[in-house]
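Heads up, the thing below is written out as structure tokens.
The chains referred to below are lettered A, B, ... by the order of the sequence lines, with proteins before strands, and numbering in each begins at 1.
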Amino acid sequence: DTEVTQTPKHLVMGMTNKKSLKCEQHMGHRAMYWYKQKAKKPPELMFVYSYEKLSINESVPSRFSPECPNSSLLNLHLHALQPEDSALYLCASSRGEGGNEQYFGPGTRLTVT
Amino acid sequence: EDQVTQSPEALRLQEGESSSLNCSYTVSGLRGLFWYRQDPGKGPEFLFTLYSAGEEKEKERLKATLTKKESFLHITAPKPEDSATYLCAVPGGGADGLTFGKGTHLIIQP
């Protein structure tokens with residue numbers, strides 16, 4: 001089973017709202033990732049968690065706050081977003097660091113109004 | 001800086017018309033090259049990993065190959081359901097997130 005699940009599938013939020021995106025995998029993977037994908041663009045890395053520790057933060061604005069409660073779960077907390085943050089947010093997981101293939105979830109389509 | 005360049009940006013083929021997609025890369029110490037398929041509004045679907053020059057992998061109508069500078073995704077006798085965006089990616093820099101090319105948007109016409 002190579003399934004990564006994400007909830008919700010769609011999210012509409014105002015610029016003053018606080019919301020969270022959730023991601024789950026049960027493949028025993030020890031690395032998890034958040035990517036942002038704008039229309040007709042490739043995914044762009046936001047955060048990497050390796051063994052439940054944040055190892056990379058690609059200079060993402062602080063209005064995005066990741067959290068990894070355990071090795072199977074990954075959250076992305078959203079606060080005071082801007083309309084330009086509207087995008088498809090993708091979660092992925094891999095066995096660990098070092099060039100292992102990543103498996104992606106279906107994404108959360110976020111619209112900021 | 002690691003770079004991944006895909007060509008063509010878009011490709012329209014007739015059903016059954018074979019072709020190849022290109023992914024050229026410049027990385028310091030390749031730790032894998034990955035191919036993904038992405039349908040509109042969905043997450044990328046993993047297809048292949050290639051690690052060393054000369055390596056080939058196949059899956060149904062798709063075959064991926066790797067040289068020291070580029071990778072090819074060969075599509076043999078494609079069907080309309082092969083229509084998608086095909087992305088190649090490499091582990092980026094000192095991080096283990098992926099750096100993606102811009103993708104090839106493939107359309108197979110019946």
Side-chain angles (χ1 to χ4, degrees), chain A residues 1-7 9-10 21 23 25 27 29-51 53-60 66 87-111, chain B residues 1-10 21 23-25 27-52 55 57 59 64 66 71 84-107:
Chain A
D1 182 14
T2 56
E3 186 178 27
V4 176
T5 59
Q6 290 187 243
T7 55
K9 291 185 179 179
H10 302 277
L21 309 184
C23 174
Q25 57 88 12
M27 295 178 278
H29 288 175
R30 301 313 302 266
M32 297 185 75
Y33 313 80
W34 281 114
Y35 290 83
K36 173 182 178 180
Q37 187 175 27
K38 302 283 278 185
K40 301 189 183 300
K41 299 288 187 181
E44 294 182 348
L45 181 66
M46 298 176 72
F47 300 105
V48 178
Y49 270 89
S50 180
Y51 293 85
K53 293 185 179 180
L54 181 64
S55 60
I56 298 291
N57 177 336
E58 295 288 316
S59 300
V60 176
L88 182 67
Y89 287 84
L90 295 162
C91 173
S93 71
S94 69
R95 290 196 304 274
E97 297 181 356
N100 301 134
E101 58 267 20
Q102 296 180 18
Y103 294 92
F104 285 80
T108 293
R109 172 68 62 189
L110 175 67
T111 302
Chain B
E1 181 179 330
D2 297 339
Q3 289 196 355
V4 181
T5 303
Q6 291 188 247
S7 63
E9 290 185 10
L21 313 183
C23 172
S24 61
Y25 62 91
V27 298
S28 53
L30 184 66
R31 296 180 294 128
L33 184 140
F34 305 94
W35 281 99
Y36 288 85
R37 168 194 171 127
Q38 187 172 27
D39 293 303
K42 297 187 177 181
E45 175 190 351
F46 171 72
L47 294 174
F48 303 110
T49 306
L50 301 167
Y51 286 105
S52 57
E55 190 174 0
K57 296 234 177 122
K59 179 181 180 180
L66 184 66
S71 178
T85 295
Y86 290 85
L87 297 161
C88 74
V90 296
D96 286 296
L98 295 176
T99 298
F100 284 88
K102 293 183 178 180
T104 294
H105 181 50
L106 178 65
I107 298 173

Review point. Quick one: salt bridge (Lys or Arg N to Asp or Glu O under 4.0 Å) partners of B:E55, sequence neighbours excluded?
Key: B:K57
Point to revise | Atom group of B:L98 that falls short of 4.5 Å from chain A, counting heavy atoms | key: both
Check your understanding: Say you draw a straight line from CG of B:L30 to OH of B:Y25; how long is it, rounded to the nearest 0.5 Å?
Key -> 5.0 Å
Revision key, fill the gap. Looking only at B:P44, B:G103, B:G43, the option with the highest number of non-hydrogen pairs under 4.5 Å against chain A is B:P44
Review point. Without hydrogens or angle criteria, can the side chains of A:Y33 and A:S94 be said to hold a donor-acceptor pair below 3.5 Å?
Key: yes
Exercise for review: Measure distances from B:E45 to the heavy atoms of chain A and classify the residue's part below 4.5 Å as side chain, backbone, both or neither.
Suggested key: neither
Practice item. Applying side chain to side chain contact (heavy atoms under 4.5 Å, CB included), run through A:R95 and A:E101 and close with a yes or a no. Key: CA-CA 8 Å; A:R95 290 196 304 274; A:E101 58 267 20; 3.7 Å; yes
Check your understanding: Where on B:Y36 is there a heavy atom nearer than 4.5 Å to chain A: the side chain, the backbone, both, or neither?
Key -> side chain
Review point. Where the side chain of B:T104 meets the backbone of B:P8, is there a donor-acceptor pair that is under 3.5 Å apart?
Key: yes
Check your understanding: What part of A:Q37 is in contact with chain B, defined as an atom under 4.5 angstrom from a non-hydrogen atom: side chain, backbone, both or neither?
Key -> side chain
**Study point:** Heavy-atom closest pair, residues A:Q6 and A:P106
**Key:** OE1-N, 3.7 Å
Review point. What option among A:G107, A:P42, A:P43 has the most heavy-atom pairs under 4.5 Å with chain B?
Key: A:P43
**Study point:** Under 4.5 Å from a heavy atom of chain B, the part of A:F47 involved
**Key:** neither
